[in-house]
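Everything quoted here is computed from the prediction, not taken from an experiment. Chain identifiers are assigned alphabetically (A, B, ...) following the order of the sequence lines, protein sequences preceding nucleic acid strands; residue numbering begins at 1 within each chain. Reckoned from all heavy atoms, side chains included, excluding hydrogens, waters and symmetry mates.
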There are 2 protein chains.
Amino acid sequence: MAPRKGEPGRYVAAELAAEFRALIQSGELLPGAQLPSEAALKDERSLSNAAVRAAYERLMAEGLAVSRHGKGVYVLDPKRLVRTSPRRFARGAQSIQSADLEGREPDVQVDVDEVATASDRVVEILGAGPFCRRSRLFSLDGRKLQLATSYLPAGLAVEAGVDQTDTGSGGMYERLAEVGRRPVKACERVYGRVATSEEAQALGLSKGMSIFLIERVAYDEEGRAVEVNEMTLDASKYILEYEFPI
Amino acid sequence: MAPRKGEPGRYVAAELAAEFRALIQSGELLPGAQLPSEAALKDERSLSNAAVRAAYERLMAEGLAVSRHGKGVYVLDPKRLVRTSPRRFARGAQSIQSADLEGREPDVQVDVDEVATASDRVVEILGAGPFCRRSRLFSLDGRKLQLATSYLPAGLAVEAGVDQTDTGSGGMYERLAEVGRRPVKACERVYGRVATSEEAQALGLSKGMSIFLIERVAYDEEGRAVEVNEMTLDASKYILEYEFPI
DNA sequence: AAGTGGTCTAGACCACCCG
DNA sequence: GGGTGGTCTAGACCACTTC
């Protein structure tokens, strides 16, 4: 319980969060707007620092706002990208992200390739290493959305010529097809949980925010796993869409 | 920063959380074990109440522990159910959950049916109401896992005879098939976010835990939407698995 | 230097559970 | 009544940002 000044039994933090949540969701506070500073709010309403912070942390965990140390707390844009699953492989299949952007400006991406080791889970799926690893960070409007790390058996990667930053026209899957290992089936496993501090830092998230972890395994016509892709997504920015027959 | 007793600059809450997280994940603290009480921990380590609570709240948001008011904080079982998507419709297709249990004891479920209104989103998909609503709560080992609310056009529900608690052998989809409206395609949209206090209460979750919200729309052979199912899942208890062709 | 977020201490008080 | 979780106040101190 929350013993407020002469008015005991109120949940001040929860109510404060609800108040600002309503303002944000109703559009009275637009994306980019700055929330009252913690000190100001605490003085105005005769609350403690901790109560105000608890409220703001809640809003940040919900992805409604974000803080910038030394500057302020700002309302975020609530728009989400739809990540549609079978469909985005249908045509051309260049960047996995191409169908995600809905006509908005193309995303920035950073690639790193190397011969590498991998987790036990990757070894379980692809067999013993070494592996070719490709790490990519997708951003939109300066906001980090997704971190993707792809693993291929190193031998296959060299054979297909995808052990470099640029995988050429049609992308990695086209190169794999050219050496007879076209991926024809995918299996995605989705985990949802609160981000660790490392994940939060990597994606620029606030404490307590939800993320999706997606493990996608691609299989060729003979059922052999050819690629494992481990993705970390800001859950507040995505809708995952899957279509399938019943 | 965290000015600790004569040792400033330490993040006591984060470190405390990390310490217990390691104990839980390594198996030194087994599911069901009770963590030290907040008061004991605070006294033993000369910390403040708030620091200990912050650490415990973090563990609870991660789904590693749960508190019971007046009793203690307890380690949770980290096992997850795999919810495999196209496959669980393959045979018989009775309860949607049947493939989720992996041979463990069957889940308890509560059903409520009625003629009802629905959200704008449901109206957008199914057209104007009224609707037949079926709400179900799935539990396992006394732990609430999933809340599912299904909407059908009321006329169709009556015609197919699924406006009751028991939908007969083969379940609702078989009844719909008998009146020429067999669902043949599904589209699921997955949202991830921290649970609201209402959702947390309904599912028995701790503050700050992640949930999946799944909206599944089922379509018949002619592409007409016949059912919308809105599901709320404890994200810490599930892996969502989807298979599809590339 | 002033303003802002961020972490912590110390202590109060309440609600729930059980013997 | 004693133990346990849960919420809050009051105040200290630090780090980052801007002027």
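The side chain of A/S67 places no N or O atom within less than 4.0 Å of a non-bridging phosphate oxygen (OP1 or OP2) of C/dT4. At C/dG11, none of the side-chain N or O atoms of B/S48 fall inside 4.0 Å of OP1 or OP2 (strictly under the cut-off). Listed pair B/K42 / D/dG5 fails the phosphate criterion, with no side-chain N or O lying under 4.0 Å from OP1 or OP2.
Put simply, CD on B/E57 is 7 Å from P on D/dT7, counting in whole angstrom units. The distance from atom CG of A/L41 to atom P of D/dC8 is 13 Å, rounded to the nearest whole Å. C/dT4 atom P lies 13 Å from atom NZ of A/K71, rounded to whole Å. Spacing between atom CD of A/E38 and atom P of D/dT9 amounts to 14 Å, rounded to whole angstrom units. Here D/dA15 presents its P atom at 16 Å from CZ of A/R53, a figure rounded to the nearest Å. Rounded to an integer number of Å, the gap from B/R45 CZ to C/dC8 P is 14 Å. Rounded to whole Å, the distance from CG on A/L59 to P on C/dG6 is 13 Å. Atoms CG (B/L47) and C1' (C/dC8) sit 10 Å apart, rounded to a whole Å.
Only one option out of A/T149, A/V123, A/I125 pairs with A/V228 in a side-chain contact (heavy atoms from CB on, under 4.5 Å); it is A/I125.
Across all strands, B/A40 comes closer than 4.0 Å to no nucleic acid atom at all (heavy-atom distances).
Ion pairing between a basic and an acidic side chain is recognised when a charged N comes within 4.0 Å of a carboxylate O; A/R83 and A/E188 show such pairing.
Taking for each of B/N49 and B/V52 the nucleotide of DNA chain C with the nearest heavy atom, the 5'-most of the two is the partner of B/V52. Residue-to-nucleotide proximity on DNA chain C shows that, of B/A54 and A/Y56, the 5′-proximal contact is made by A/Y56. In terms of position on DNA chain D, the residue among A/R68 and B/A50 whose nearest nucleotide sits closer to the 5' end is B/A50.
For A/V12, the side-chain atoms get nearest to D/dC8 when compared with the rest of D/dG5, C/dT9, D/dC8. Of the listed nucleotides (D/dC8, C/dT4, D/dT4), C/dT4 has the atom at the smallest distance from the side chain of A/S37.
In this pair, B/Y242 and A/Y242 present their aromatic rings parallel. The plane angle is below 30°, not in the 30 to 60° band. Taking the six-membered ring for Trp and thresholds of 30 and 60 degrees, A/Y151 and A/F131 have ring planes more than 60 degrees apart, a perpendicular arrangement.
Between the CD atom in A/E38 and the CG atom in A/D43 there is a gap of 11.5 Å [rounded to 0.5 Å].
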